[in-house]
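Here is the structure we will look at.
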Amino acid sequence: MVTQPELERGIAEAERPDRPVRRMLRGIRRRIDRHPRLRVAYRAGVGALGGVIAVGGLLLVPLPGPGWLVVFLGLAILGTEFAWAKRLAAFTRRQLARFWAWWRARRAASAQG
């Protein structure tokens with residue numbers, strides 16, 4: 001089982017800006033930004049793809065499986081282009097972390113007696 005600090009270190013490592021994939025994606029993004037029509041099409045595509053994935057994840061939430069993970073994936077995709085989606089994803093992540101901390105404390109208290 002992966003511990004929380006190990007998970008956080010792994011995420012921080014993957015988000016380093018000097019990673020080769022991140023450099024490649026920044027280059028692609030610079031080329032897109034030089035062409036206004038392409039930029040609009042790109043934003044529309046990101047919005048459509050992220051929206052479909054997020055809504056699909058919300059439909060999966062009541063079912064067994066990775067519903068919330070799919071919602072976060074959709075928000076992450078939307079967050080690459082839209083600041084409101086990035087803020088919403090951060091807020092949702094904080095609330096979910098608070099919930100899991102509460103849940104673990106509750107389980108620990110019930111296990112003690």
Side-chain angles (χ1 to χ4, degrees):
M1 177 111 189
V2 177
T3 64
Q4 185 72 21
E6 291 172 337
L7 181 63
E8 289 171 1
R9 278 194 302 275
I11 290 171
E13 174 66 24
E15 290 180 343
R16 279 191 6 235
D18 62 333
R19 305 278 299 183
V21 172
R22 286 192 170 272
R23 284 196 313 264
M24 178 193 66
L25 292 174
R26 278 195 308 272
I28 292 170
R29 185 54 202 240
R30 280 192 299 270
R31 284 191 291 272
I32 289 171
D33 284 341
R34 285 195 295 256
H35 305 284
R37 288 186 184 162
L38 186 57
R39 185 177 0 162
V40 170
Y42 177 78
R43 282 180 63 93
V46 167
L49 178 66
V52 166
I53 291 174
V55 169
L58 285 174
L59 294 174
L60 292 175
V61 166
L63 303 174
W68 282 111
L69 180 64
V70 175
V71 170
F72 284 124
L73 177 63
L75 286 175
I77 291 170
L78 287 169
T80 63
E81 283 301 307
F82 305 103
W84 62 266
K86 191 175 249 184
R87 287 190 308 269
L88 179 61
F91 171 78
T92 308
R93 196 176 310 121
R94 284 192 309 271
Q95 296 304 317
L96 195 56
R98 286 179 59 198
F99 169 77
W100 283 118
W102 171 81
W103 182 259
R104 282 191 294 270
R106 182 176 170 209
R107 287 189 63 194
S110 68
Q112 290 178 356

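All residue numbers in this chain count up from 1 along the given sequence.
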note = Scanning both residues in full, the closest heavy-atom pair of A85 with G79 reads CB-N, 3.7 Å

Heavy atoms from other residues, nucleotides or ligands near CZ of R107 exceed 12 (cutoff 6.0 Å) = no

query = Are any non-hydrogen side-chain atoms of R39 and Y42 less than 4.5 angstrom apart?
reply = no

Return all side-chain donor-acceptor pairs below 3.5 angstrom for residues 44-68, not counting sequence neighbours, or 'none' if the list is empty.
none

ask   = Quick one: CG on L75 to CZ on R93, what's the gap to the nearest 0.5 Å?
value = 9.0 Å

inquiry  = Using 0.5 Å steps for rounding, measure from the CZ atom of R106 to the CH2 atom of W100.
reply    = 11.5 Å

Co-membership, hydrophobic cluster, residues V21 and L73, 4.5 Å side-chain = yes

For the student: nearest non-hydrogen atoms of R22 and R16, plus distance = CD-O, 3.0 Å

key: Within one Ile-Leu-Val-Met-Phe-Trp-Tyr cluster: V40 and L78, side-chain cutoff 4.5 Å   = no

message = Measuring from atom CZ of F82 to atom CZ of R87, what distance do you get when rounded to the nearest 0.5 angstrom?
response = 12.5 Å

query = Between the side chain of R23 and the main-chain N/O of D18, is any donor-acceptor distance below 3.5 Å?
reply = yes

side-chain hydrogen bond (donor to acceptor under 3.5 Å, both in side chains) partners for R43, two or more places apart = E81

ask   = More than 12 foreign heavy atoms under 6.0 Å from CZ of R37: is that the case here?
value = no

key: 4.5 Å side-chain heavy-atom contact, R9 and E6   = yes

ask   = When rounded to the nearest 0.5 angstrom, what is the spacing between CD1 in I28 and CG in D33?
value = 12.0 Å

inquiry  = Test of understanding: clusters of I, L, V, M, F, W, Y form through side-chain heavy atoms closer than 4.5 Å, transitively. Do F72 and F99 belong to the same one?
reply    = yes

query = When hydrophobic residues are tied together by side-chain contacts of less than 4.5 Å, even through go-betweens, does F91 share a cluster with W102?
reply = no

